[in-house]
Amino acid sequence: MADDTLAIAGGPKAVADGLIRPWPEVDDTDRAMVLASLAGTNHANGPNCKALEKEFAAWQGCAHALNANSGTAALHMALYACGVGAGDEVLVPAYTWPSSATCVIHQNAIPVFVDIDFDTMNMDEAAIEAAITPRTRAIIAVHLHGLTMDMDRVMAVARKHRLRVIEDACQSQGALWRGRKAGSFGDCAAFSFNQNKVVSAGEGGMFTTEDGKMAELADRVRYFGEHREPSGGPSARDYALGWMYRNSDLPAAFARSQLARVDRNLAVQAQMAALMTERLRGTPGLILPAATPEATHNWYNYTVRFDMDRLGHAGDPAAFRDRIVAALVAEGVDTLVWQAFILPEMTVFRARNAFGHGIPWSLPWAGPVDYDPARYPVAKRHADTHTGMTTPLRHPNGPAVVEAVARGIAKVMGQAGRLP
Ligand SMILES: *Cc1c(COP(=O)(O)O)cnc(C)c1O
């Protein structure tokens with residue numbers, strides 16, 4: 001009989017060392033593209049940046065795509081393009097990557113958090129309306145983990161209250177809502193090509209929109225605030241407040257060769273997620289990710305939650321979760337507590353100290369906001385009880401990796417009551 005002693009207690013590992021291959025796979029196409037960029041004469045905002053914009057726009061099906069050096073930069077460009085300004089309020093989910101909220105502060109505007117829906121892990125669409133005030137200008141619709149928000153509801157509430165919608169599609173490239181791609185519903189969208197994302201190029205980002213005027217505004221933020229009339233040459237007067245968010249040519253070359261393989265990689269992720277769900281279904285104490293029928297998940301992150309009631313644990317959920325995760329990691333299961341806190345708990349919101357002097361919250365025309373973490377109990381429950389997986393479900397990994405990982409999870413969950 002197999003030795004089912006937990007690896008954390010000295011037993012054999014469920015997942016052999018070296019079985020899980022790293023993300024992304026780098027092949028000869030990547031090498032050729034990056035070396036060709038290096039051999040070129042423009043390593044700044046070069047020909048690969050321009051070509052990446054064209055190819056991304058074609059893949060996404062959008063009118064305008066502006067390459068930036070990160071998804072966070074693209075988000076900031078979107079805030080500016082939407083006309084969000086000092087003291088305006090912008091709705092953001094209480095649980096997401098910090099820059100989904102800090103991009104708002106970069107425009108001197110004020111994030112207002114909305115609790116999440118436990119099942120989708122996204123902003124609770126039913127809680128949006130109650131968070132709207134006369135100062136609300138926009139919603140950041142974050143499609144977390146690769147699952148889109150209910151864009152019918154988001155767009156309906158935005159239209160009713162005349163709000164802009166910015167889609168944070170950094171994790172959800174290729175995810176669909178009723179067959180339409182994430183990033184194609186709102187006024188503009190941001191994508192990321194950071195190492196962990198589905199197009200992995202080290203770093204990089206993309207701003208997209210259908211609106212030519214918004215593309216022009218976003219481009220100013222990207223490039224020193226430069227603004228020229230079509231007829232005009234450069235002059236010192238043509239520069240307003242701007243940042244420097246252009247990409248460089250080498251990561252853009254890498255992104256192009258990865259983008260060419262994204263559909264194949266997304267298909268692998270979907271197959272592996274389905275297999276993982278099949279193997280883990282019915283595991284006591286494990287809550288599997290739910291997909292809404294209208295949404296096609298891209299399985300960027302396969303996130304599970306531990307059911308503390310089923311596991312008979314009445315104490316600190318996060319501490320118990322951390323013990324389970326430590327046991328999983330000891331088995332060789334590649335899992336990570338991606339985001340252990342909710343955003344209202346971040347120092348910048350506790351201290352309200354972004355630009356100093358309490359700005360933007362102390363602006364005389366700003367309204368009151370309450371960042372008490374107790375207002376976001378669902379986000380807190382999620383943050384305390386989840387763990388996520390990315391690499392085991394991604395190309396070049398396949399069914400053998402998923403089977404081994406699922407065995408490791410079943411082994412640990414079967415003994416969760418006896419963890420050290
Ligand atoms: C990664 C990520 C970002 C930021 O992208 P970067 O390229 O790392 O700046 C923003 N929002 C979400 C939800 C992300 O996952």
Side-chain angles (χ1 to χ4, degrees), residues 23-24 49 52 56 65-80 90-107 111 113-114 116 120-123 138-149 154 165-175 182-183 186 188-208 218 221-222 243-248 250-252 254-255 258-259 262 269 289 297-303 336-343 346 348 379 382-383 386 388-391 394:
W23 172 258
C49 300
L52 177 61
F56 191 88
L66 299 181
N67 189 202
N69 53 23
S70 72
T72 302
L75 280 169
H76 183 188
M77 289 157 64
L79 266 295
Y80 182 85
V90 179
L91 306 186
V92 182
Y95 180 87
T96 172
W97 184 245
S99 65
S100 310
T102 53
C103 62
V104 175
I105 304 177
H106 290 317
Q107 267 313 102
F113 294 111
V114 177
I116 67 167
T120 65
M121 309 177 223
N122 282 325
M123 182 190 284
I139 304 172
I140 309 238
V142 185
H143 308 302
L144 208 61
H145 304 125
L147 183 68
T148 56
M149 287 188 73
V154 172
V165 174
I166 295 162
E167 294 181 74
D168 179 345
C170 287
Q171 298 189 357
S172 58
Q173 188 176 335
C188 38
F191 295 84
S192 171
F193 306 136
N194 165 264
Q195 160 109 41
N196 300 316
K197 307 298 158 94
V198 300
V199 168
S200 173
E203 305 286 4
M206 195 68 80
F207 164 93
T208 63
V221 174
R222 178 170 70 156
W243 284 259
M244 218 313 276
Y245 287 160
R246 286 177 309 185
N247 202 10
S248 59
L250 276 82
F254 191 12
Q258 289 286 326
L259 179 62
V262 67
Q269 263 168 234
H297 209 306
N298 82 357
W299 297 106
Y300 166 77
N301 190 319
Y302 191 97
T303 297
L336 179 77
V337 178
W338 171 68
Q339 178 74 289
F341 54 87
I342 66 172
L343 266 54
M346 286 168 62
V348 68
H382 168 82
H386 84 281
M389 286 181 279
T390 57
T391 310
R394 292 187 187 179

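Read the numbers this way: they start at 1 and go in the same order the structure lists the ligands and their atoms.
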Backbone of G205 reached by a side-chain donor or acceptor of N67 within 3.5 Å: yes

Ligand-residue contact atoms, ligand 1 with S192, heavy atoms, under 4.0 Å: 5 (O), 6 (P), 7 (O)

Enumerated ligand 1 atoms positioned under 4.0 Å from heavy atoms of S99: 3 (C), 4 (C), 10 (C)

S200 backbone acceptor or donor facing Q195 side chain under 3.5 Å: no

For V92, the option from I166, V104, T102 that meets side chain to side chain contact (heavy atoms under 4.5 Å, CB included): V104

For ligand 1, the portion of E203 having any non-hydrogen atom under 4.0 Å away: neither

Heavy atom of K197, distance to ligand 1 below 4.0 Å: yes

Aromatic contact, F56 with F193 (centres under 6.0 Å): yes

Contacts of type side-chain hydrogen bond (donor to acceptor under 3.5 Å, both in side chains), residue H76, not counting sequence neighbours: Q107, Y245

Location of contacts on S70 toward ligand 1, heavy atoms closer than 4.0 Å: both

Those residues that, when tested against R222, pass salt bridge (charged side-chain N to carboxylate O under 4.0 Å, His left out) (two or more places apart): E53, D219

Test of proximity, F193 against ligand 1: N or O pairs below 3.5 Å: no

Side chain to side chain contact (heavy atoms under 4.5 Å, CB included) partner of H143, the single match among T148, N298, T96: T148

N or O pair under 3.5 Å between W97 and ligand 1: no

Distance from atom 9 (O) of ligand 1 to nearest protein heavy atom, with residue and atom: T72 OG1, 2.6 Å

Residue portion contacting ligand 1 (non-hydrogen atoms closer than 4.0 Å) for D168: side chain

